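Working notes for the structure below.
So that the names make sense, note that chain A is the first sequence line, chain B the second, and so on, each numbered from 1. In this text, all values refer to a predicted model and were calculated from it rather than measured experimentally.
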There are 2 protein chains.
Amino acid sequence: MTDLGDALRARGRRLTTQRVRVLDAVRATGHASAERIAEQVARDGGPALPASTVYRSLEALQELGLVAHTHVDHRVPDYHLASHATHIHLVCRRCGHVDEVPVEVGAGFATEVAAQRGFAADLTHAAIHGWCAACAPERT
Amino acid sequence: MTDLGDALRARGRRLTTQRVRVLDAVRATGHASAERIAEQVARDGGPALPASTVYRSLEALQELGLVAHTHVDHRVPDYHLASHATHIHLVCRRCGHVDEVPVEVGAGFATEVAAQRGFAADLTHAAIHGWCAACAPERT
DNA sequence: TTGAATGCAAAAAATTTGCATATTG
DNA sequence: CAATATGCAAATTTTTTGCATTCAA
């Protein structure tokens with residue numbers, strides 16, 4: 001919490017209970033859409049927060065590097081703690097099933113793009129689309 | 001075109017000029033949002049199509065496996081021909097810059113998830129987020 | 001005290017849906 | 001002819017914005 005306060009103040013921003021609650025909700029959900037995070041916030045006992053505050057808080061937390069998001073689902077972004085236990089999501093294009101593999105599986109790829117382009121790939125929670133074992137055969 | 005007609009009929013669906021025009025527009029743009037595809041369709045000489053028809057056509061074309069989409073941008077999906085010359089997008093979390101590397105760079109990763117999970121990763125046009133060479137240093 | 005953040009309501013952006021009509025096979 | 005697809009308008013869904021008020025530093 002003090003970490004959060006310091007990080008915010010270091011950027012001229014402020015520590016508010018709303019931001020703390022949103023961060024806690026992100027932590028509690030693992031990874032979830034803005035809407036589910038808002039629901040989680042409401043469940044922590046305090047008053048519900050308007051969507052605008054949830055979005056603005058998520059944005060602030062992402063700027064601090066404490067939160068990040070990916071596109072597992074094709075519709076809404078999925079927020080998670082930047083430090084959350086990590087994995088790469090394997091999303092089936094056909095049935096939507098989501099499997100996971102540890103980020104280490106992408107280590108070689110990350111090394112390669114770092115070497116080739118100086119790009120620091122963040123594979124934590126990356127979403128890779130394709131066909132799961134069950135659907136691959138159906139792939140016409 | 002006949003390919004398209006056959007593919008559609010094989011699934012009990014129909015060949016329409018709208019679907020042909022949308023497919024042509026996807027081809028012409030390389031990869032673009034539904035909105036930009038609609039604009040491209042309008043540019044082909046024929047009458048503009050309502051958004052609903054564009055979306056429904058894109059959906060049909062994706063079901064046939066002729067078109068696919070990814071999330072390069074954080075907002076709207078990006079449609080492209082499934083057969084389009086392929087590359088993996090490296091999207092900078094900080095400045096939004098998009099770089100590309102050939103899919104081959106991900107070959108090892110693809111082999112690995114196929115072996116471990118039977119998952120057929122489609123890395124063509126995949127979007128990987130992280131920090132570009134310019135922004136990596138700033139990463140607080 | 002004062003600039004940043006919130007809350008609320010309204011607006012915007014993106015996509016979907018209902019349904020009558022038109023078209024394909 | 002029968003079933004699918006279109007066009008149009010309205011409805012949804014998700015996110016953003018304006019602005020007066022509140023609150024952290």
Show me, pair by pair, the donor-acceptor contacts under 3.5 angstrom made by side chains of residues 101-109 of chain A, not counting sequence neighbours?
none

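Listed by chain and number, the residues in a side-chain contact (heavy atoms from CB on, under 4.5 Å) with A:Thr70 are A:Val72, A:Asp78, A:His80, A:His125, B:Arg93 (sequence neighbours excluded). Every residue was checked against the side chain to side chain donor-acceptor pair (under 3.5 Å) condition with B:Arg14, not counting sequence neighbours, and none meets it. Scanning for side chain to side chain donor-acceptor pair (under 3.5 Å) contacts around B:Arg36 gives an empty result, with sequence neighbours left out. Every residue two or more places apart in sequence or in another chain that forms a side-chain contact (heavy atoms from CB on, under 4.5 Å) with A:Ser52 is listed here: A:Pro50, A:Arg56. With sequence neighbours left out, the side-chain contact (heavy atoms from CB on, under 4.5 Å) criterion links A:Glu59 to A:Glu63. With sequence neighbours excluded, no residue forms a side-chain contact (heavy atoms from CB on, under 4.5 Å) with B:Ala82. Applying the side chain to side chain donor-acceptor pair (under 3.5 Å) test to A:Arg117 and every residue at least two apart in sequence or in another chain returns B:Asp99.
Helix bend of the helix from C:dT1-D:dA25 to C:dG25-D:dC1: the angle between its two end axes, each built from five pairs, comes to 40° after rounding to 10°.
Distances shorter than 4.0 Å separate some side-chain N or O of B:Gln18 from OP1 or OP2 on D:dG7.
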Quick test: give all pairs of protein nitrogen or oxygen and nucleotides 11-13 of chain C nitrogen or oxygen below 3.5 Å, distance rounded to 0.1 Å.
none

Scoring nucleotides 19-25 of chain D by protein non-hydrogen atoms under 4.0 Å (B base, S sugar-phosphate only, - none) yields -----BS

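Using the six-membered ring where Trp is involved, A:His89 and A:His31 have ring planes that are perpendicular, over 60° apart on the 30 and 60° scheme.
Scanning residues 44-54 of chain B for heavy-atom distances under 4.0 Å to DNA chain D yields B:Leu49, B:Pro50, B:Ser52, B:Thr53.
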